[in-house]
2 protein chains.
Amino acid sequence: MEALRADMFEEICPSTLLPFRIGPDKWAALVIRCLEDGPRRFSELRVPLARVTPKVLTQSLRALERDGFVRRTEVTAPVRRVTYELTDLGRGLLAQLYVLCNWTAEHWDDLLDARES
Amino acid sequence: MEALRADMFEEICPSTLLPFRIGPDKWAALVIRCLEDGPRRFSELRVPLARVTPKVLTQSLRALERDGFVRRTEVTAPVRRVTYELTDLGRGLLAQLYVLCNWTAEHWDDLLDARES
DNA sequence: CAGAATCCAACAAGATACTG
DNA sequence: CAGTATCTTGTTGGATTCTG
């Protein structure tokens with residue numbers, strides 16, 4: 001049993017980046033799941049994410065784009081059309097979220113029990 | 001390619017609970033990792049988590065306890081001593097975080113590249 | 001259609017000081 | 001030792017309205 005080292009915050013490391021990236025962005029995981037079956041337009045995303053305002057949805061998408069999980073494509077003719085789709089990196093992240101999701105589903109009862117007492 | 005269903009928020013489901021639980025609590029993932037090698041006292045946890053104030057650390061531990069990931073044990077004699085340790089559920093969650101961590105480490109360069117451009 | 005602008009509320013987190 | 005108690009700050013997120 002090794003001792004705890006001092007200060008885990010000296011630099012960003014893999015164990016902290018993802019929780020910090022996915023964590024603060026309340027809707028990121030859900031947005032990614034909405035893109036799992038292929039490219040979607042902004043207005044399409046607004047259907048399942050009806051409770052998310054356009055501003056917040058845009059923020060979330062932009063952040064995901066910045067981090068390389070999502071690719072944004074815009075065409076102006078004949079009509080304006082913007083689609084979002086997962087990159088390879090995004091699909092990899094989606095797979096990880098699925099792992100987490102499956103684990104949660106398996107332990108769902110335990111989680112609910114803990115909350116009650 | 002199936003269509004997106006309306007409103008993903010009708011009820012809490014496994015795909016949302018964990019991001020919502022681990023997400024909002026900024027330090028939860030780090031706290032769990034600090035407990036990976038066995039029970040720790042409050043003051044021991046404060047060493048690697050030096051940048052977290054006692055108030056916030058307490059909040060985090062209490063929330064993790066409430067959700068069944070951590071068990072708190074208090075003894076008063078001969079001296080006061082409070083230890084925190086992972087439950088089975090907590091160890092399971094730790095394993096999931098490791099999966100996520102390993103994936104992040106593998107794609108570390110991609111993530112950094114994306115942030116730069 | 002796909003957002004941008006503005007303003008505001010909520011809550012998490014930090015600083016500091018104190019206690020059973 | 002293991003926290004509490006206050007107070008303050010800062011960062012999302014939300015509501016609403018408007019636009020190229």
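A, B, ... follow the sequence lines: proteins, then strands. Residue 1 opens every chain.
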For DNA chain D, which residues in residues 70-78 of chain A have a heavy atom at a distance below 4.0 Å? none

Nearest of D/dG3, C/dA4, D/dA2 to any side-chain atom of A/Thr58? C/dA4

Looking only at heavy atoms, which two atoms of B/Val31 and B/Ser60 are closest? And how far apart? CG2-OG, 4.1 Å

Salt-bridge criterion met for A/Arg72 and A/Glu65 (N-O under 4.0 Å): no

Ignoring backbone atoms, test whether B/Arg62 places a side-chain nitrogen or oxygen under 4.0 Å from the OP1 or OP2 oxygen of D/dA2. no

Residues B/Glu36 and B/Leu86: closest non-hydrogen pair is CA-CD1, 4.3 Å

Rounded to whole Å, CZ of A/Arg81 lies from P of C/dA2 at a distance of 8 Å

For the helix from C/dC1-D/dG20 to C/dG20-D/dC1, how many degrees between its two end axes (five pairs per end), to the nearest 10°? 60°

Under a 4.0 Å threshold between the charged nitrogen and the carboxylate oxygen, would B/Glu74 count as salt-bridged to B/Arg80? yes

B/Tyr98 reachable from A/Trp103 in the ILVMFWY side-chain graph, under 4.5 Å edges: yes

When rounded to whole Å, the CD to C1' distance for the pair A/Glu44 and C/dC1 reads 12 Å

In whole angstrom, what separates B/Leu61's CG from C/dA12's C1'? 16 Å

Could you tell me how far apart B/Tyr84 (OH) and D/dG3 (P) are, to the nearest whole angstrom? 3 Å

Atom CG of B/Leu57 to atom P of C/dG14: distance rounded to whole Å? 11 Å

Can you check whether A/Phe69 reaches B/Leu111 side chain to side chain, under 4.5 Å on heavy atoms? yes

Whole angstroms only, please: what is the CG-P distance between A/Leu49 and D/dG14? 11 Å

With B/Thr53 via side-chain contact (heavy atoms from CB on, under 4.5 Å) - residues at least two apart: B/Lys55, B/Val56

Heavy-atom side-chain contact between A/Cys34 and A/Tyr84 under 4.5 Å: no

Protein-nucleic acid N or O pairs under 3.5 Å, nucleotides 18-20 of chain D:
from	atom 1	to	atom 2	distance (Å)
D/dG20	N2	A/Arg80	NH1	3.4

Pairwise salt bridge (charged side-chain N to carboxylate O under 4.0 Å, His left out) hits with a residue in residues 89-102 of chain A, at least two apart: A/Asp88-A/Arg91

Spacing between A/Arg46 atom CZ and C/dG3 atom P, to the nearest angstrom: 11 Å

Starting at CZ of B/Arg33, measure out to SG of B/Cys101 and round the result to the nearest 0.5 Å. 6.0 Å

To the nearest angstrom, the CH2-P distance between A/Trp27 and D/dG13 comes to 8 Å

Show the nearest heavy-atom pair for residues B/Glu44 and B/Pro39, with the distance to one decimal. OE1-O, 4.4 Å

Do A/Leu30 and A/Leu49 have side-chain heavy atoms sitting under 4.5 Å apart? yes

Can you check nucleotides 15-17 of chain D for protein contacts, nitrogen or oxygen pairs under 3.5 Å, and list what you find?
none

What is the minimum heavy-atom distance between A/Thr83 and A/Arg41, and which atoms define it? CG2-CG, 3.8 Å

Once rounded to the nearest 0.5 Å, what's the spacing between atom CG of B/Leu64 and atom OG1 of B/Thr87? 9.5 Å

